[in-house]
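The next block holds one structure in the form of structure tokens; read it before the comments.
All ligand and atom numbering here is 1-based and tracks the order in the structure.
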Amino acid sequence: MDRVTVAPHPLAGHLLADLRRADTPPERYRVLARRLSMVLALEATADLPTAEERLTTPLTEATGQVLGRSVIAIPILRAGLGMLEAVTELLPDVGVGYVGLERDEETLQPTEYYFKVPELTGTRVLLLDPMLATGGSAAFAAELLRRRGAEDLTLVCVIAAPEGIERLTTADPEIRIVTAAIDDHLNDVGYIVPGLGDFGDRLFGTF
Ligand code: PRP
Ligand code: URA
């Protein structure tokens, strides 16, 4: 399996195009972010193992193929929250944890302000963070989750910068990345170009 997957479904690019538009207002932005996150979550779980389960239909006995591994979703606060509802809707049995990180706007270094996660051993962990920019936040979160037992770890993001992919996969060679796009580069203040601006600000209307 590829370490980095750009979601091949045409809806991924279509929804991302609307997210990128500077005049998309927060109300519509939230809807688009949720829809796109569902497409990305489907891609990030397409290879989950299944298990056979006997069941009874209205006509007879049958065998169903049910999910064979638990999934834990962990949004990085705050922008990752815009991706969480899609995952809980798609996977109602999902466990949820939270990692609160903030980038210092000058040094771009992440600092942790909240960390609460369920048991991760033996699960598929989906780390939700829409923007993989320098990769500092995702690499920091991945390290925290590995220390807490995460084995099968996937970052689900909306846009990845080449610089972020390089930093994250160097820091954590086993991590998988599922994204809607790999953009061109980072600007000198750490924003992804062409990108979509500040995801958290656009999601929560904090300009
Ligand atoms: C954004 C984004 C990522 C981080 C990516 O969060 O949601 O967490 O930046 O940047 P990096 O790859 O360079 O670390 P931000 O710090 O703006 O916080 P927010 O989610 O509260 O808006
Ligand atoms: N965080 C964002 O929200 N946008 C970027 O382009 C980079 C980091």
Side-chain angles (χ1 to χ4, degrees), residues 3-4 6 15-26 28-30 32-34 36-37 40-41 44 73-87 96-117 125-146 150 153-173 175-207:
R3 286 277 138 233
V4 183
V6 177
L15 293 164
L16 177 57
D18 273 350
L19 277 176
R20 287 189 193 273
R21 289 181 220 283
D23 58 0
T24 299
R28 176 148 177 77
Y29 193 89
R30 284 191 281 272
L32 292 165
R34 189 159 62 84
L36 177 54
S37 301
L40 296 172
I74 303 184
I76 298 184
L77 307 176
R78 99 201 127 136
L81 286 176
M83 305 177 76
L84 179 61
E85 203 182 308
V87 180
V96 178
Y98 296 90
V99 179
L101 298 183
E102 191 163 31
R103 283 202 314 179
D104 181 294
E105 284 187 4
E106 268 155 36
T107 65
L108 301 181
Q109 291 307 308
T111 50
E112 173 191 343
Y113 60 86
Y114 190 75
F115 186 79
K116 195 172 178 77
V117 298
V125 179
L126 302 181
L127 180 59
L128 310 177
D129 191 349
M131 306 303 274
L132 179 62
T134 65
S137 304
F140 189 65
E143 190 187 330
L144 296 175
L145 297 177
R146 293 291 191 199
L153 180 59
T154 300
L155 172 73
V156 185
C157 64
V158 169
I159 302 180
E163 295 89 332
I165 293 174
E166 176 65 28
R167 178 158 173 191
L168 179 59
T169 54
T170 300
D172 190 331
I175 199 166
R176 185 174 173 223
I177 300 171
V178 172
T179 185
I182 299 173
D183 269 11
D184 196 54
H185 67 279
L186 294 181
N187 69 12
D188 57 6
V189 287
Y191 275 81
I192 300 175
V193 182
L196 48 70
D198 189 303
F199 195 100
D201 283 348
R202 297 194 63 188
L203 187 74
F204 294 113
T206 49
F207 305 105

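Remark: the backbone N or O of Ala86 is not paired with any side-chain donor or acceptor of Arg34 at under 3.5 angstrom. Using modelled atom types, no side-chain atom of Asp129 and backbone atom of Ile76 make a donor-acceptor pair closer than 3.5 Å. Proximity of a side-chain donor or acceptor of Arg30 to a complementary backbone N or O of Pro25 within less than 3.5 Å is not detected. A donor-acceptor pair is defined here as one N or O able to donate and one able to accept, closer than 3.5 Å; no such pair exists between the side chain of Arg176 and the backbone of Leu155. Not one N or O on the side chain of Arg167 forms a donor-acceptor pair closer than 3.5 Å with the backbone of Ala139. Side chain of Gln109 to main chain of Gly136: no donor-acceptor pair is present (N/O by atom type, distance under 3.5 Å, no hydrogens or angles).
Note that atom 5 (C) of ligand 1 has protein non-hydrogen atoms nearby, at separations under 4.0 angstrom.
Using a 4.0 Å cut-off to heavy atoms of Met131, the atoms of ligand 1 that qualify are 3 (C), 5 (C). Residue contact check: Ala79 has heavy atoms under 4.0 Å from atoms 7 (O), 20 (O) of ligand 1.
Residue Gly135 places a heavy atom under 4.0 Å from ligand 1.
In this view, Tyr29 and Phe199 satisfy the ring-ring contact (aromatic ring centres under 6.0 Å, His included) rule, not counting sequence neighbours.
Regarding atom 18 (O) of ligand 1, its nearest protein heavy-atom neighbour is Leu101 O, 4.4 Å. The nearest protein atom to atom 17 (O) of ligand 1, hydrogens excluded, is given as Asp198 OD2, 4.1 Å; this is a heavy-atom distance. For atom 14 (O) of ligand 1, the nearest protein heavy atom (residue, atom name, distance) is Ser137 OG, 2.5 Å. Ranking protein heavy atoms by distance to atom 8 (O) of ligand 1, first place goes to Asp129 OD2, 2.7 Å. Protein heavy atom in closest approach to atom 19 (P) of ligand 1: Arg78 NE, 3.6 Å. For atom 10 (O) of ligand 1, the closest heavy atom belonging to the protein is Arg103 CD, 3.2 Å.
In terms of polar-atom proximity, defined here as any N/O pair under 3.5 Å, Glu102 makes no such contact with ligand 1. The N/O atoms of Ala133, backbone and side chain alike, include one that comes under 3.5 Å of an N/O atom in ligand 1. Looking at ligand 1, you won't find any N or O of Tyr113 less than 3.5 Å from one of its N or O atoms. Looking at ligand 1, you won't find any N or O of Asp201 less than 3.5 Å from one of its N or O atoms.
For the side-chain contact (heavy atoms from CB on, under 4.5 Å) with Leu32, the lone residue among Leu16, Leu19, Val158 that qualifies is Leu19.
Within 6.0 Å of the CD atom in Glu166, the count of heavy atoms belonging to other residues, nucleotides or ligands does not exceed 12.
Within the 4.5 Å cutoff, no side-chain heavy atoms of Met131 are placed close to those of Cys157. No side-chain heavy atom of Lys116 sits less than 4.5 Å from a side-chain heavy atom of Val99.
Between Val87 and Ala41, the closest heavy-atom pair is CG2-CB, 4.0 Å.
Defined by atom type and a distance below 3.5 Å, a donor-acceptor pair is present between the side-chain atoms of Arg78 and Thr206.
Listed by chain and number, residues touching ligand 2 at under 4.0 Å (heavy atoms only) are Arg103, Met131, Ala133, Gly190, Tyr191, Ile192, Gly197, Asp198, Phe199.
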